[in-house]
Participant: 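Quick one: this structure, given as structure tokens, is what I'll be asking you about.
Worth knowing before you read on, the calculation uses all heavy atoms, side chains too, and leaves out hydrogens, waters and symmetry mates. The shown structure was predicted, so the numbers you read here are calculated from the model rather than taken from an experiment.
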Amino acid sequence: EEAVEALRAHKTGLMQQLFPRPGETTPRLRFPEFRDAGPWEVKRLGDYVEQKAGNSKLIKGKLHPEPNENRFPGFSASGQDVWLDSFEHEGPAIVVSAVGARCGRCFLATGQWSAIANTHILFPRETDVNIHFLYEVVTRDGFWVISGSGQPFVKVGESLEQRIALPSLAEQQKIADCLTSLDDLIRAREARL
């Protein structure tokens, strides 16, 4: 347990070094090949993604709770926890929990899948942004604009106006690879535990 927590803390600290502080465009730590690359470009999140709401006609209680070889994963506001007989989307995207206690949590979708009621989907423009890099950006605490107290919800329009800093695709890939390797190590340790 201590080893897992140490790895998580290491990843948090590394992210604080690899990403610029709020209001800045250059991180404190860069890989050697990108040290002279200059500041990162700052734009609205909405400039880098296509977005749409999850399918409100797909209700969690009416879907399969268990997988089998003929079913496709479905994402609810709680994550990937339902299965469907068909799929609506193919390829990588980020599913955002849009309503409820877990609103603002993000899940990486790949392959063939669907997003159901109370979710929102971000499809990154692959010419501008690496999905794994963007996932790390939008999963940071406090990124999503949230309102409501009894039943909190993500204010999608305002959240898409959030300004984010991005380096070149090559630098995004390098950072994403580094953080993904750490995630793989954390999952391996958790499996051993």
Side-chain angles (χ1 to χ4, degrees), residues 15 19 22 40-169 172-173 175-176 179-180 183:
M15 286 181 66
F19 289 85
W40 293 9
E41 182 177 38
V42 178
K43 288 187 180 179
R44 310 163 43 249
L45 171 62
D47 292 332
Y48 295 116
V49 299
E50 299 292 336
Q51 53 84 26
K52 70 179 291 187
N55 188 339
S56 61
K57 294 178 182 175
L58 296 174
I59 308 300
K60 187 173 180 175
K62 297 180 179 180
L63 301 171
H64 304 291
E66 301 291 333
N68 74 24
E69 61 185 35
N70 299 315
R71 293 179 184 159
F72 300 91
F75 290 83
S76 75
S78 300
Q80 198 284 291
D81 59 357
V82 293
W83 301 87
L84 295 89
D85 295 321
S86 61
F87 64 92
E88 293 186 332
H89 306 288
E90 189 165 9
I94 296 169
V95 180
V96 183
S97 175
V99 178
R102 299 184 75 177
C103 72
R105 292 275 318 267
C106 298
F107 313 98
L108 195 57
T110 59
Q112 298 169 325
W113 52 277
S114 295
I116 70 169
N118 299 325
T119 63
H120 211 79
I121 312 165
L122 304 179
F123 299 96
R125 295 192 176 120
E126 295 179 2
T127 55
D128 297 317
V129 64
N130 174 286
I131 188 164
H132 297 285
F133 181 91
L134 184 64
Y135 178 78
E136 297 293 348
V137 171
V138 300
T139 56
R140 296 171 92 178
D141 287 342
F143 180 83
W144 294 94
V145 180
I146 296 173
S147 187
S149 54
Q151 180 75 323
F153 62 94
V154 170
K155 296 176 93 171
V156 175
E158 287 184 34
S159 296
L160 291 171
E161 293 298 319
Q162 297 267 62
R163 297 183 72 74
I164 61 173
L166 292 183
S168 67
L169 269 174
Q172 290 179 48
Q173 183 69 55
I175 293 169
L179 297 175
T180 300
D183 286 335

Participant: Which class fits the ring pair His89 and Trp113: parallel under 30°, tilted 30 to 60°, perpendicular over 60°?
Facilitator: tilted
Participant: If you draw the axis of the six-membered ring of Phe107, does the NZ or CZ of Arg102 fall within 45° of it and under 6.0 Å from the ring centre?
Facilitator: no
Participant: Check side-chain contact (heavy atoms from CB on, under 4.5 Å) between Lys155 and all other residues, then give those that pass, not counting sequence neighbours.
Facilitator: Val145, Ser147, Phe153, Glu158
Participant: Whether the side chain of Ser114 engages the backbone of Gly74 through a donor-acceptor N/O pair (distance < 3.5 Å, no angle test) should be reported.
Facilitator: no
Participant: I need the Asp128 CG to Lys43 NZ distance, nearest 0.5 Å.
Facilitator: 6.0 Å
Participant: For the OG1 atom of Thr180 and the CG atom of Leu108, what is their distance to the nearest 0.5 Å?
Facilitator: 8.5 Å
Participant: Kindly say whether Glu66 contributes a backbone atom to a donor-acceptor pair with the side chain of Arg71 at under 3.5 angstrom?
Facilitator: yes
Participant: Kindly give the heavy-atom pair with the smallest separation between Phe72 and Asp85, and that separation in Å.
Facilitator: CE1-O, 3.7 Å
Participant: Are more than 12 heavy atoms, taken from residues, nucleotides or ligands other than Asn68, located less than 6.0 Å from that residue's CG atom?
Facilitator: yes
Participant: Show me the donor-acceptor pairs within less than 3.5 Å that the side chains of residues 115-125 make with the rest of the protein, sequence neighbours left out.
Facilitator:
| unit_1 | atom_1 | unit_2 | atom_2 | d |
| --- | --- | --- | --- | --- |
| Thr119 | OG1 | Ile116 | O | 2.6 |
| His120 | NE2 | Gln51 | OE1 | 2.5 |
| Arg125 | NE | Glu50 | OE2 | 3.1 |
| Arg125 | NH1 | Asp47 | O | 2.5 |
| Arg125 | NH2 | Glu50 | OE2 | 2.6 |

Participant: Quick one: pull up OH in Tyr48 and CG in Leu166 and give me the separation to the nearest 0.5 Å.
Facilitator: 4.0 Å
Participant: Considering all heavy atoms of both residues, which atom of Leu45 and which atom of Ser159 are nearest to each other, and what is their separation?
Facilitator: CD2-O, 3.9 Å
Participant: Would you give the length of the straight line joining atom OG1 of Thr139 to atom CG of Leu134, rounded to the nearest 0.5 angstrom?
Facilitator: 9.0 Å
Participant: When you measure from the side chain of Gln172 to the backbone N and O of Phe133, does any donor-acceptor pair fall under 3.5 Å?
Facilitator: no
Participant: If you compare all heavy atoms of Asp81 against all heavy atoms of Ser78, which two are closest, and at what distance to 0.1 Å?
Facilitator: OD2-CB, 3.4 Å
Participant: Look at the side chain of Trp144 and the backbone N and O of Val138, then say whether any donor-acceptor pair between them is shorter than 3.5 Å.
Facilitator: yes
Participant: Are Trp83 and Pro65 close enough that some pair of their side-chain heavy atoms sits under 4.5 Å apart?
Facilitator: no
Participant: Would you name the heavy atoms of Ala77 and Ser97 that are closest together and state the gap between them?
Facilitator: O-OG, 2.8 Å
Participant: Listed by chain and number, what are the side-chain contact (heavy atoms from CB on, under 4.5 Å) partners of Glu161, not counting sequence neighbours?
Facilitator: Arg44
Participant: Which atom names give the shortest non-hydrogen contact between Gln80 and Val82, and what distance separates them?
Facilitator: NE2-O, 2.9 Å
Participant: Rounded to the nearest 0.5 Å, how far does OG of Ser76 lie from CD1 of Ile59?
Facilitator: 11.0 Å
Participant: Which heavy-atom pair separates His132 from Ala176 by the least distance, and what is that distance?
Facilitator: CB-CB, 3.7 Å
